[in-house]
Amino acid sequence: MNAITSPEVAGRTEVRVQTADFDVGAEIARLRAGNASIGAVASFIGVCRDLNDGDRVADMVLEHYPGMTERALERIAADARGRWDLIDILIVHRVGRMLPTDQIVLVVVTGGHRGEAFAACEFLMDYLKTKAPFWKKEQTPDGSRWVEARADDDAAAERWQ
Amino acid sequence: MNAITSPEVAGRTEVRVQTADFDVGAEIARLRAGNASIGAVASFIGVCRDLNDGDRVADMVLEHYPGMTERALERIAADARGRWDLIDILIVHRVGRMLPTDQIVLVVVTGGHRGEAFAACEFLMDYLKTKAPFWKKEQTPDGSRWVEARADDDAAAERWQ
Amino acid sequence: MLNVLYFARLRESFGLDTERLDLPADVGDVAALTALLRARGDAWERELAPNRSWRVAVNQDMAHPDTPVRDGDEVAFFPPVTGG
Amino acid sequence: MLNVLYFARLRESFGLDTERLDLPADVGDVAALTALLRARGDAWERELAPNRSWRVAVNQDMAHPDTPVRDGDEVAFFPPVTGG
C-alpha cells in the first residue's frame, strides 16, 4: 500500500523587492511544487485602491531603503519562524509607480496546518507595515502627498508582542 | 487631476462544490477585475497531505451532502458578512478522489482593509470545517478509514462565538 | 413518508444511502426517529448508540433531538463533518 | 566620515538623498547627530523638531537616541514607514 513515500521537502524563506508585478498563482505553485507535507497555504495581497482617507488616488509611488528593506523583511520572516511551525515564507513587495488595482505586496505562508499559516501570514503583514522601510506617495486631486503612518497599523503590530 | 473615477463595483458571494481542480490565480483575478475599492485579498488553500495522524496517505475521497453543503456554505458566508465589512467572498470546495499535493478547498475574501479580510477568511475556514457536510476517507497502508473529526477544529470554530 | 439519507461511515455501515420511510404516528421528532432506527439492531444499534458521535439534519438544516420530524421531510444522518 | 541617507518626505524637504559627513568629536550617538543636523535651520530644524515623527537607522538597524554613531557608519533618517 505504501504508495507515497515522497521525501520531506524543506521549506524556504524568500524575500523580494521589485518593480515588476507578480503572479500569485505561479508564486504559490512554485512554493508548493513537490512538497506533500504542505496542508495549508495562507496568502495575502495588498492592492492599490482608488480612494484613501476620503480622496481619489490617481497613482502612487513606493520608495524604499535598498538593503535595509530586504534585511528588515528577512528579520520579520525569521521572527515568524520562531513563533510558529511553518514550511515556506514568501514576501514580495513592489516599489515604483503603481495605479489603482495594481498589486503592491504578496505574503504567502505554507505549513502543515491552517492555524499557524493564518497567524504567521497576518503577523508578517502587520510587522511589514510598521517595520519595513517603505514609503508611499499618492497623487490626489489636490496634488501629491506622503501617506501618513496609521495608528491602527501600530496597534495591529503591537498585538503580537 | 481627477483621473480615476471608477464606479464602485459591488462585491459578490460565490460558493461552488466541484470535482474539478481550481486555479487560484484566475479565481482571484476574476474577483478583483475592475474593482478599485479592493485593498486587501486574503486567501487560503487547503491541500491534501501525504501524512495524517502519523500514517502515510495514498489518496483521499471526499463525500458531501449535495444541496445541504451549498446551503451551509452560503450561510457561513452570510454570517461572515454580518460580522465584517467585506467586498467578495469565494468558497470553492472539491469532492471526489484526491491525491497528496492536490488542492481541496479555496477561500478568498476581498475587502477594503486587511484586518477584516484576514479575520473573515480564517472564520470561513473554521466554520466550514465544523459546519459544512463534507467527509474524508483516506487510503493508508492499513487500508481505508474515515477521518475522525478533530477536537481542535471544534475549538477553532468556538473562538468566533 | 420521510426521505432518509445516510452519509459517509453511516452509509457504509448500514449499506444504504437513502430510504423512504413511513412515519409511525408516535414518531414526532429526531429523538424518536433515531430510536426507531436503532431498534433495527446490528449496525443501526451500534452506530446510533448514545456513546457514538453522529449528526442529524432535517430539511438540510442541522437538527437537535427535539427537532420536529413531519411527513415529507428530508432527514439525514451522518458523522461529524471533516471537510476542508 | 559618516554616510547619511534621507528618505521620502525628509529627502524632499532637505533636497538631499545622501551626504558624507565628518563626524565631530563630540557627536557620539543618534541624539547628538540629530541635534547637529537640526542646527542647520530651515527644513532641518522643522522636520527634526521634537514634535515631528521620524525614525533613524544605524547600519540598517532601527536605532534609538542613545544608539552609538561611529566613523564609517551608515545612518538613515526617514518618516514612519507606510508600506504594504
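Only this structure's heavy atoms are used, side chains among them; waters, hydrogens and symmetry mates stay out.
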* Asked: Counting heavy-atom pairs under 4.5 Å to chain D, which of A:Arg75, A:His64, A:Lys129, A:Lys131 comes out on top?
  -> A:Lys129
* **Among D:Pro80, D:Ala8, D:Ser53, residue most engaged with chain A (heavy-atom pairs, under 4.5 Å)** => D:Ala8
* Asked: Would A:Thr69 and D:Gln60 count as a side-chain contact (heavy atoms from CB on, under 4.5 Å) if you check the C-alpha gap in whole Å, the side-chain angles of each, and the deciding distance to 0.1 Å?
  -> CA-CA 8 Å; A:Thr69 309; D:Gln60 306 190 353; over 6 Å; no
* For the candidates A:Ile104, A:Val147, A:Val47, which exhibits the highest count of non-hydrogen atom pairs separated by less than 4.5 Å from chain D? -> A:Val147
* **Structural part of D:Arg11 lying under 4.5 Å from a heavy atom of chain A** => side chain
* Crowding at CG, D:Asp42 (>12 non-hydrogen neighbours, <6.0 Å) -> no
* D:Thr82 side chain to A:Lys136 main-chain N or O, any donor-acceptor pair under 3.5 Å? -> yes
* To do: Kindly check if the number of other-residue, nucleotide or ligand heavy atoms within 6.0 Å of CD (A:Glu148) is above 12?
  => no
* **Donor-acceptor pair, side chain of A:His93 and main chain of D:Gly83, under 3.5 angstrom** => no
* Do the non-hydrogen side-chain atoms of D:Phe7 and A:Met68 ever get within less than 4.5 Å of each other? -> no
* To do: For residues A:Lys137 and D:Arg9, determine if any side-chain heavy atom of one lies less than 4.5 Å from a side-chain heavy atom of the other.
  => no
* Within 6.0 Å of CZ in D:Arg70, more than 12 heavy atoms from elsewhere -> no
* For residues A:Ala149 and D:Val81, report the shortest heavy-atom separation together with the two atoms involved. => CB-O, 4.0 Å
* Give the member of D:Pro79, D:Ala57, D:Ala76 that has the highest number of heavy-atom pairs under 4.5 Å with chain A. => D:Pro79
